[in-house]
Amino acid sequence: MAKEMQLTVQESRELLLNPAYQAQKTFEIQQRMANMYVQSTIVPQSYRGNIGNCVIAIDMAQRMQANPLMVMQNLYVVNGNPAWSSKFLISCINMSGRFTPLRYQFIGKRGTQQYGCRAYAYEKSDKEHKEALCSVWVTMEMAEKEGWTKKAGSKWLTMPDQMLIYRSAAFWSRAYAPEISMGFLTKEEAEDAVYDEIVDAPVITSSQDDDIPEPPITDAPTDENAGTEQEPVQPAAQAAAPSPTANTSGKPADAVTAAMQKQTTRKTTYKAPAPVETADGQRVDTETGELFAQQ
């Protein structure tokens with residue numbers, strides 16, 4: 001009896017460890033959970049009464065270690081393909097713990113084709129922020145050439161700043177953390193698609209003649225400096241080099257300036273010195289105190 005019970009326990013353990021059995025039990029649990037969501041009025045319309053969509057969303061949520069309702073609220077079906085909302089993708093990157101929160105750098109002048117944005121972050125291990133992980137530049141010129149601005153009701157024409165942020169974040173995720181998005185496009189990308197297949201942004205290769213310096217990593221421009229490019233950071237040696245007009249005499253700046261003005265005044269308004277004869281018969285300049293030569 002004890003031997004038969006021992007065999008039964010061993011068989012149960014083997015059954016529980018069997019991948020096929022685990023997948024079957026997981027699927028059954030997901031179906032029971034989906035039955036609750038299909039009857040809810042909180043989930044989006046595409047999940048109500050559709051147990052298949054709910055099971056897929058629940059499975060994705062378990063893989064991402066996220067809440068199923070949050071996934072359903074941010075997973076859209078565009079032209080038959082699943083796509084994330086951009087804000088959800090950004091939040092997943094920020095909460096992953098692998099990188100610092102995404103930040104955005106703008107270049108160009110608002111309202112021009114050169115106005116653009118790129119996303120950047122740092123590895124958590126990069127405590128000193130030595131190497132920025134940057135996306136490619138997304139500009140209004142790119143949006144125009146790709147046809148994103150030509151769609152009816154395009155948000156690129158009404159809120160270009162926000163669309164630049166969303167698109168640069170999507171490019172960043174595919175470059176440095178594609179596993180977070182599970183290879184899906186964002187909803188905005190899928191809606192802007194002109195072709196059946198969307199390719200990533202082209203890789204821009206630099207040549208030897210391309211000596212345009214990269215602007216430093218900064219946050220979005222404020223109203224005062226909006227639309228102006230940041231000056232590149234000068235090398236330390238060049239920045240430390242004194243200018244030809246620099247004050248190196250060690251005297252206060254105002255004293256040096258006064259002496260220079262006095263010297264200029266002497267050259268332009270010269271008048272003959274008024275000598276004074278001393279008791280010993282020598283002649284002295286009253287202004288400089290210099291001795292005149294004897295006649």
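Position 1 is the first residue of the sequence; numbering continues from there. Predicted model only: the values in this text are computed from it and were never measured.
Hydrophobic clustering, with ILVMFWY side chains joined whenever heavy atoms are under 4.5 angstrom apart, keeps Met95 apart from Val71. Both Val43 and Met60 belong to a single network of hydrophobic side chains, linked directly or stepwise wherever heavy atoms of I, L, V, M, F, W or Y lie under 4.5 Å apart. Under the 4.5 Å side-chain heavy-atom criterion for ILVMFWY residues, no single connected hydrophobic cluster contains both Val78 and Phe88. Taken together through direct or relayed side-chain contacts under 4.5 Å among Ile, Leu, Val, Met, Phe, Trp and Tyr, Ile56 and Tyr37 form part of one hydrophobic cluster. Taken together through direct or relayed side-chain contacts under 4.5 Å among Ile, Leu, Val, Met, Phe, Trp and Tyr, Leu75 and Val55 form parts of separate hydrophobic clusters.
Judged purely by atom type and a 3.5 angstrom limit, Arg110 has no side-chain atom pairing as donor or acceptor with the backbone of Tyr115. For Ser154 (side chain) and Trp148 (main-chain N/O), a donor-acceptor pair under 3.5 Å exists by modelled atom type. Side-chain atoms of Ser135 come within 3.5 Å of backbone N or O of Ala119 as a donor-acceptor pair. Counting only distance, with no hydrogens or angles, the side chain of Ser96 and the backbone of Ile93 share a donor-acceptor pair below 3.5 Å. Under the 3.5 Å distance criterion, the side-chain polar atoms of Asn53 are matched with a main-chain donor or acceptor of Ser46.
A salt bridge links Glu179 and Arg98; the closest N-O separation between the charged side-chain nitrogens and carboxylate oxygens is under 4.0 Å. Between Glu191 and Lys155 no salt bridge is recorded (no basic side-chain N to carboxylate O distance below 4.0 Å).
Lys187 places none of its side-chain heavy atoms less than 4.5 Å from the side chain of Asn74. In this structure, Phe184 and Glu189 have side chains that are not in contact, with every pair of non-hydrogen atoms separated by 4.5 Å or more. In this structure the side chain of Val38 never reaches within 4.5 angstrom of the side chain of Asn50, judged on heavy atoms. For the pair Leu133/Tyr122, no side-chain contact is recorded, criterion being any heavy-atom separation below 4.5 Å from C-beta on. Put simply, the side chain of Pro44 reaches to within 4.5 Å of the side chain of Gln73, judged on heavy atoms. With a 4.5 Å cut-off on side-chain heavy atoms, Tyr47 and Ile42 do not count as touching. Side-chain contact between Met72 and Ile58 is present, with at least one heavy-atom pair separated by less than 4.5 Å. The side-chain heavy atoms of Tyr166 and Ile90, taken from C-beta on, include a pair separated by under 4.5 Å.
Nearest heavy-atom pair across Met163 and Asp192 is CE-OD2, 4.2 Å. Across all their heavy atoms, Leu185 and Arg174 have their closest contact at CD2-NH1, 3.7 Å. Residues Asn94 and Pro101 share a closest heavy-atom pair of OD1-CA, 3.3 Å. Across all their heavy atoms, Ala61 and Pro68 have their closest contact at CB-CA, 3.7 Å. In this structure, Thr186 and Ala170 approach most closely via the heavy-atom pair CG2-CB, 3.8 Å.
The CZ atom of Arg103 sits 7.5 Å away from atom OH of Tyr120, with the distance rounded to the nearest 0.5 Å. Distance check, rounded to the nearest 0.5 Å: CZ of Arg48 to OG1 of Thr41 gives 6.0 Å. Of the inter-residue distances, the one linking Gln162 atom CD with Leu164 atom CG reads 9.5 Å to the nearest 0.5 angstrom. The distance from atom CH2 of Trp137 to atom CE of Met142, rounded to the nearest 0.5 Å, is 11.0 Å. The distance from the CH2 atom of Trp84 to the OG atom of Ser86 is 12.5 Å, given to the nearest 0.5 Å. Taken to the nearest 0.5 Å, the SG atom of Cys134 stands 13.0 Å off from the OH atom of Tyr104.
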Legend entry - Verdict with supporting geometry, Phe99 and Glu123, side-chain contact (heavy atoms from CB on, under 4.5 Å): CA-CA 5 Å; Phe99 311 96; Glu123 292 275 2; 3.8 Å; yes
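Residue pairs meeting the salt bridge (Lys or Arg N to Asp or Glu O under 4.0 Å) criterion with at least one partner in residues 85-97, sequence neighbours excluded, do not occur; the list is empty. For residues 57-69, the salt bridge (Lys or Arg N to Asp or Glu O under 4.0 Å) pairs, not counting sequence neighbours, are Asp59-Arg63.
For Glu28, the salt bridge (Lys or Arg N to Asp or Glu O under 4.0 Å) test picks out Lys25, with sequence neighbours left out.
Put simply, the residue from Arg167, Glu144, Glu188 that forms a side chain to side chain contact (heavy atoms under 4.5 Å, CB included) with Trp156 is Arg167.
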